[in-house]
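These notes are about the structure you will find just below.
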Amino acid sequence: MAYWLFKSEPDAWSWEQQKAKGEAGEEWDGIRNYQARNNMRTMKLGEKGFFYHSNEGKAVVGIVEVCKEIHPDSTTEDERWECVDVKAVCDMPKPVTLPDAKANPALANMVLVVNTRLSVQPVAEDEYLEICRMGGLDNPPR
DNA sequence: GCCAACGTTGGC
DNA sequence: GCCAACGTTGGC
């Protein structure tokens with residue numbers, strides 16, 4: 001079971017909007033970066049990931065689950081671009097900010113800290129659990 | 001709003 | 001296949 005992190009500017013697509021979609025979930029469309037797309041290609045149904053607000057907030061605000069595996073991105077005719085669907089699972093009781101993550105030595109190698117520009121990224125299991133711990137999530141969904 | 005870091009494009 | 005020019009992301 002792998003873990004992921006999805007980045008979104010709240011102006012474009014916020015955690016509130018994601019939660020409003022409920023169980024149906026929503027396409028994680030608009031990704032135009034090969035690395036990010038390749039990460040989505042390896043995602044399996046049911047895998048968990050963080051929902052991260054970039055720009056405003058700069059924090060992990062919730063947890064999502066992959067509810068549809070890789071398929072064409074409906075927002076473009078360009079068949080190079082594919083995406084998955086995700087649905088909201090739960091809030092992060094206490095959002096974990098980027099400065100929080102940077103200040104934690106256990107997260108020094110986290111992609112979020114090391115490569116700030118990658119919008120869909122893998123998260124190691126120990127990093128996943130550490131962020132959940134910092135966020136006050138006692139029983140992280142696995 | 002600025003700018004560093006990074007990715008992509010296109011000329012050669 | 002290299003690399004300069006350009007565009008975009010995202011932290012500050």
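Residue numbers begin at 1 in each chain, while the letters A, B, ... track the order of the sequences.
Looking at A:R80 and A:Y34, their side chains do bring a donor and an acceptor atom within 3.5 Å of each other. With 3.5 Å as the limit, one finds a donor-acceptor pair spanning the side chains of A:D73 and A:T75. With hydrogens and angles left out, the side-chain atoms of A:W81 and A:D29 include no donor and acceptor closer than 3.5 Å. Counted by atom type alone, A:W13 and A:Q18 present one or more donor-acceptor pairs between their side chains at under 3.5 Å.
The nearest heavy atom of DNA chain B to A:N55 and to A:T116 marks one nucleotide each, and the one closer to the 5' end goes with A:N55.
With a heavy-atom cut-off of 4.0 Å to chain A, the contacted part of DNA chain C has its first and last nucleotide at C:dG7 to C:dC12.
Residues A:F6 and A:W28 bring their aromatic ring centres within 6.0 Å. Aromatic rings of A:Y128 and A:F50 (six-membered ring for Trp) have centroids within the 6.0 Å cut-off, being under it.
Residues from residues 33-41 of chain A that place a heavy atom under 4.0 Å from any atom of DNA chain B, listed by number: A:N33, A:Y34, A:Q35.
Put simply, the side chain of A:K21 never gets that close to the backbone of A:K87: no donor and acceptor are under 3.5 Å apart.
The residues A:R133 and A:E130 are annotated as salt-bridged, a charged nitrogen and a carboxylate oxygen being separated by less than 4.0 angstrom.
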